[in-house]
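The structure appears below as structure tokens.
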Amino acid sequence: MRSYLLIILAFSSFASAQDSTYFDGKRAITLSPIILDGKFNVQGFISRIKEDTSFYKAFRNLHIVNFSSTNDIRMLEKNGALKASLHSITKQKVSDGCRTMQSFNETTTGDMYNDAKEFNYYTANMYASLFFTKGSVCGETNVVKGTNFSTSGKSGMDKHKEQLKILFFN
């Protein structure tokens, strides 16, 4: 009986607690009243999220390790029908600070590539520029401390890739 009473009291106090709203510039962020420890508050939580680099670190790690990946890119018509696709397996090898990539079992449908074997679709081109390696790429690290993303001085695909990084990692 005593445990039921504690559960009811805990639930009723949680249900009646107020959300916390924090203003970050012009943005309002509302969090439910979940408290992890006595030092945890809304402003501290927002600061931790803004300063977290773990997702970017994981992305950068892809530039310094061997891996295999299965790629499945599909371009769809507005009605959802398949317009073009690419399916492949890629293997990245890193040696002496340089990485190279090989593609295996690549199959395409539709007009994924043009005659010069360049992607016909912006989204596929963006994916390839982030996850495929052409030739040998050397001198990269996975260091993320002090990284500031900026579109200043960039245009075209480079600007769009930087905007995507800002969206994902900031």
Side-chain angles (χ1 to χ4, degrees), residues 22 24-25 27 29-32 34 36-37 40 42 44-170:
Y22 171 75
D24 181 40
R27 293 177 284 187
I29 301 166
T30 304
L31 297 175
S32 298
I34 299 173
L36 299 178
D37 62 42
F40 193 76
V42 175
F45 175 73
I46 299 301
S47 293
R48 286 181 79 176
I49 295 298
K50 289 171 103 177
E51 294 167 8
D52 181 43
T53 58
S54 57
F55 189 55
Y56 186 49
K57 180 77 167 185
F59 177 76
R60 295 294 302 160
N61 283 343
L62 290 176
H63 292 201
I64 63 165
V65 298
N66 296 327
F67 69 85
S68 297
S69 65
T70 301
N71 307 286
D72 186 4
I73 303 172
R74 300 175 193 196
M75 308 311 300
L76 304 177
E77 300 278 2
K78 287 184 180 183
N79 66 3
L82 183 65
K83 185 172 186 176
S85 69
L86 176 144
H87 185 80
S88 68
I89 296 172
T90 53
K91 292 187 181 194
Q92 176 172 282
K93 292 187 180 181
V94 178
S95 179
D96 298 324
C98 297
R99 64 185 170 110
T100 58
M101 186 172 279
Q102 289 182 293
S103 184
F104 300 93
N105 304 327
E106 183 175 303
T107 57
T108 61
T109 63
D111 62 344
M112 182 59 74
Y113 292 116
N114 63 21
D115 292 337
K117 190 116 177 169
E118 297 166 336
F119 287 101
N120 274 326
Y121 299 94
Y122 184 81
T123 305
N125 191 28
M126 177 71 81
Y127 178 90
S129 70
L130 292 171
F131 297 107
F132 295 162
T133 301
K134 289 184 179 180
S136 183
V137 179
C138 301
E140 295 180 305
T141 70
N142 65 343
V143 175
V144 298
K145 186 173 184 165
T147 301
N148 292 314
F149 299 106
S150 172
T151 58
S152 178
K154 296 182 178 173
S155 62
M157 180 63 81
D158 288 334
K159 181 176 182 178
H160 295 300
K161 285 193 317 189
E162 196 71 8
Q163 289 170 328
L164 191 60
K165 288 177 185 177
I166 290 168
L167 175 67
F168 282 155
F169 306 129
N170 279 1

#### Entry: Sub-4.5 Å side-chain heavy-atom contact between M126 and Y121
no
### Task
Give a yes or no on whether a salt bridge exists between K117 and E106, defined as a side-chain N under 4.0 angstrom from a carboxylate O.
yes
### Query
Under 6.0 Å from the CZ atom of F55, do we count more than 12 heavy atoms belonging to anything else shown?
no
### Task
Dump the intermediate steps for ring pair (Phe, Tyr, Trp, His ring centres under 6.0 Å) on Y122 and Y127, then the final yes or no.
CA-CA 9 Å; Y122 184 81; Y127 178 90; over 10 Å; no
### Task
Using atom types as modelled and distance alone, determine if a side-chain donor or acceptor of R99 lies under 3.5 Å from a backbone N or O of C138.
no
### Message
What I'd like to find out is whether the side chain of M75 reaches to under 4.5 Å of the side chain of S85, using heavy atoms alone.
### Response
no
### Summary
To the nearest 0.5 Å, atom CD1 of I73 lies from atom CG of N125 at 10.0 Å
### Query
Looking only at heavy atoms, what is the nearest atom pair of F149 and E162, with distance?
CA-OE2, 3.2 Å
### Query
What distance do K93 atom NZ and S68 atom OG have between them, rounded to the nearest 0.5 Å?
9.0 Å
### Message
Show, in sequence, the C-alpha distance, side-chain angles and deciding distance for L130 and L164, and conclude whether the side chain to side chain contact (heavy atoms under 4.5 Å, CB included) test is met.
### Response
CA-CA 10 Å; L130 292 171; L164 191 60; 3.4 Å; yes
### Query
Is there a donor-acceptor contact under 3.5 Å from the side chain of E140 to the main chain of C98?
no
### Message
Donor-acceptor pair, distance only, cut-off 3.5 Å: does the side chain of K57 make one with the backbone of N142?
### Response
yes
### Summary
OG (S95) and CG (N66) are apart, to the nearest 0.5 Å, by 8.5 Å
### Task
Provide the closest heavy-atom pair for M101 versus F131 in the form atom of the first, atom of the second, distance.
CE-O, 3.4 Å
### Task
Take atom CZ of F168 as the centre, draw a 6.0 Å sphere, and report whether it contains more than 12 heavy atoms from other residues, nucleotides or ligands.
no
### Message
Quick check on R60: does its CZ atom have over 12 non-hydrogen neighbours (other residues, nucleotides or ligands) under 6.0 Å away?
### Response
yes
### F104 CZ to T70 OG1 distance, which is reported to the nearest 0.5 Å
12.0 Å
### Task
Report the C-alpha separation of L82 and R74 in whole Å, then their side-chain angles, then the decisive distance to 0.1 Å, and conclude whether the side chain to side chain contact (heavy atoms under 4.5 Å, CB included) test is met.
CA-CA 7 Å; L82 183 65; R74 300 175 193 196; 4.0 Å; yes
### Message
We want to know whether N71 and T90 form a side-chain donor-acceptor pair, criterion being a heavy-atom distance below 3.5 angstrom.
### Response
yes
### Task
Specify the closest pair of heavy atoms between I64 and V94, including all atoms of both residues, with the distance to one decimal.
C-CG2, 3.7 Å
### Query
Is the Lys NZ or Arg CZ of K165 less than 6.0 Å from the centre of Y56's six-membered ring, within 45° of the axis?
no
#### Entry: Spacing of OG1 belonging to T151 relative to CD1 belonging to I166, to within rounding of 0.5 Å
5.5 Å
### Message
Quick check for you: to the nearest 0.5 Å, what is the distance between M157 atom CE and K159 atom NZ?
### Response
14.0 Å
### Task
Check the surroundings of atom CG in N79: do more than 12 heavy atoms from other residues, nucleotides or ligands lie under 6.0 Å from it?
yes
### Message
Under the criterion side chain to side chain contact (heavy atoms under 4.5 Å, CB included), I'd like the reasoning laid out for T147 against T53: C-alpha separation, chi angles, the key distance, then a yes or no.
### Response
CA-CA 9 Å; T147 301; T53 58; over 6 Å; no
### Task
Report yes if some heavy atom in the side chain of Q163 is under 4.5 Å from a heavy atom in the side chain of L167; otherwise report no.
no
## Note on the structure
Between M112 and L86, the two heavy atoms sitting closest are CE-N, 3.7 Å
### Task
Please work out whether the ring planes of F119 and Y113 are parallel, tilted or perpendicular, with thresholds of 30° and 60°.
tilted
